[in-house]
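Order of the sequence lines fixes the chain letters, A, B, ..., with proteins taken first and strands second; residue numbering starts at 1 for each chain. The structure presented is a predicted model; accordingly, all values stated were derived computationally and were not measured.
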Protein chains: 2
Amino acid sequence: MSFPVPHHDHGACVRAAMAAAEEQCRRRGARLTDIRRRVLELVWGSHQPVGAYALLDALAKGGWSAAPPTVYRALEFLQAHGLVHRIALFNAFIGCARPGHHHAGQFLLCSGCGSAVELEDAKVDDAIIAAAARNGFSVTRQTIEIEGVCATCRAKGQEQ
Amino acid sequence: MSFPVPHHDHGACVRAAMAAAEEQCRRRGARLTDIRRRVLELVWGSHQPVGAYALLDALAKGGWSAAPPTVYRALEFLQAHGLVHRIALFNAFIGCARPGHHHAGQFLLCSGCGSAVELEDAKVDDAIIAAAARNGFSVTRQTIEIEGVCATCRAKGQEQ
DNA sequence: GGATGATATGTTATAATATAACGTCCGGTA
DNA sequence: TACCGGACGTTATATTATAACATATCATCC
Ligand SMILES: [Zn+2]
Ligand SMILES: [Zn+2]
Ligand SMILES: [Zn+2]
Ligand SMILES: [Zn+2]
């Protein structure tokens, strides 16, 4: 929701995400299989978007013998159930902290630390829908990827 | 600026875009070479984003013997000078109707006809910068790609 | 429990997108 | 003319993603 502090208890992030995913799948009658669960954990390895082939390597290191379709299928499932989002700019994937919540798919991407943070800003949402409507356009999906520098990285850059 | 009417005089779009490009390059002392000019014309072949390899094929049909780097270099140049934008969602490229103008990179993408229209909406821009600032984030670049259905396609869909 | 259909996974191959690396040409300039 | 830097040609390869088909697993019904 807000930018991750550098040395936070990330294990807590992962546990919360996995619990939310289990809950979300239970509610929707979706099967969070071993592979899907493992891929989701790997996506949550950091707050940075991860590429499919990086996930593949990570799976392999865990002894999971997997080919590209394995990872892409898992990611497809996770996206379909709102557990993971794709960052189009980077061809990479990031965990969703609030599955089930309304989300428009708004991301802040820090070019310093590589972190991605999901935004749920109603004003941005409204402004976009209004601008679209003014052009006779009805919105079905938003992809909003904002590159820039987070507070932590800006502070680091200036202290030199 | 607004959605293209189905049977408009597209030649006029192309001529205007090419003139604007010549002017922009002149002002900036950039060399709009034959290949770059040709690629830009091809990008303007429609109001739909075009993939790099489609451009490559089109160049080949014009007898231009080109390899991928040729097209990617031309696209890189055109992007650098604001003559072309990349649509991250589609790995494709679209001409900019107003090079030199301030543009935040906001696009409406119709899933019916495939058209892409660039928006320059200050309210969207403001809302995003404000939302980013609230998270201590300073924006350097926006990628806003809004999928949906344009007025023309919606009308077509309903008349059945 | 065994048959059955749907869903999930394994496996191989290949498609689609993008870049690295290096040599050559060409246009302007001293 | 000799030089320099940007532009281009060419080959190879990296990166991302999907097609196609075989096999396995799971849930359900009898
Ligand atoms: Zn964390
Ligand atoms: Zn940062
Ligand atoms: Zn037109
Ligand atoms: Zn349309």
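- Residue A:His81 contributes atom NE2, which lies 12 Å from atom C1' of C:dA8 at whole-angstrom precision.
- Rounded to whole Å, the distance from CG on A:Leu56 to P on C:dG10 is 12 Å.
- By the 4.0 Å N-to-carboxylate-O rule, B:Arg37 lies close enough to B:Glu22 to be salt-bridged with it.
- One interatomic measurement links the two molecules: CG of B:Leu59 to C1' of D:dT10, which rounds to 16 Å at whole-angstrom precision.
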Give me, pair by pair, the N or O atoms of the protein and of nucleotides 12-15 of chain D that are less than 3.5 Å apart, along with how far apart they are.
none

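- Side-chain nitrogen and oxygen atoms of A:Thr70 include none within less than 4.0 Å of the OP1 or OP2 phosphate oxygen of C:dT9.
- A donor-acceptor pair is defined here as one N or O able to donate and one able to accept, closer than 3.5 Å; such a pair exists between the side chain of A:Ser111 and the backbone of A:Gly148.
- Between A:Lys123 and B:Asp126, no side-chain nitrogen of the basic residue sits less than 4.0 Å from a carboxylate oxygen of the acidic one, so the salt-bridge criterion is not met.
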Quiz item: Where along nucleotides 22-30 of chain C does protein come under 4.0 Å, by heavy atom, of base (B) or sugar-phosphate alone (S), with - for untouched nucleotides?
Solution: ---------
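- Taking atom CG on B:Leu75 and atom C1' on C:dT19, their separation rounds to 13 Å, with Å as the unit.
- Aromatic ring centres of A:His85 and A:Phe93: separated by at least 6.0 Å.
- Between A:His10 and A:His8, the ring planes lie perpendicular to each other; the angle is over 60°, past the 30° to 60° tilted range.
- Ranked by how close their nearest DNA chain D nucleotide is to the 5' end, B:Asn91 and B:Thr33 are led by B:Thr33.
- Salt-bridge annotation for B:Arg98 and B:Glu120: present, with a side-chain N of the basic residue lying under 4.0 Å from a carboxylate O of the acidic one.
- Distance CD1 (A:Ile35) to C1' (D:dT23): 14 Å, rounded to an integer number of Å.
- A:Asp57 has its CG atom 10 Å from the P atom of D:dT16, to the nearest Å.
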Quiz item: Yes or no on side chain to side chain contact (heavy atoms under 4.5 Å, CB included) for A:Cys113 and A:Cys150, after CA distance, side-chain angles and deciding distance?
Solution: CA-CA 8 Å; A:Cys113 56; A:Cys150 76; 3.9 Å; yes
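- Closest contact between the side chain of B:Ala67 and the listed nucleotides D:dT11, C:dT17, D:dG9 involves D:dT11.
- Salt-bridge check for A:Arg73 with A:Glu76: failed, with every basic side-chain N at 4.0 Å or more from each acidic carboxylate O.
- For B:Arg36 and D:dG6, the CZ to P distance is 11 Å, given to the nearest whole Å.
- Distance CG (B:Leu55) to C1' (C:dA18): 14 Å, rounded to an integer number of Å.
- Note on A:Ser65: every side-chain N or O is 4.0 Å or more away from OP1 and OP2 of C:dT9.
- OP1 or OP2 of D:dA17 sits under 4.0 Å from a side-chain N or O of A:Tyr72.
- Residues A:Val149 and B:Phe137 do not share a hydrophobic cluster, clusters being chains of Ile/Leu/Val/Met/Phe/Trp/Tyr side chains in contact below 4.5 Å.
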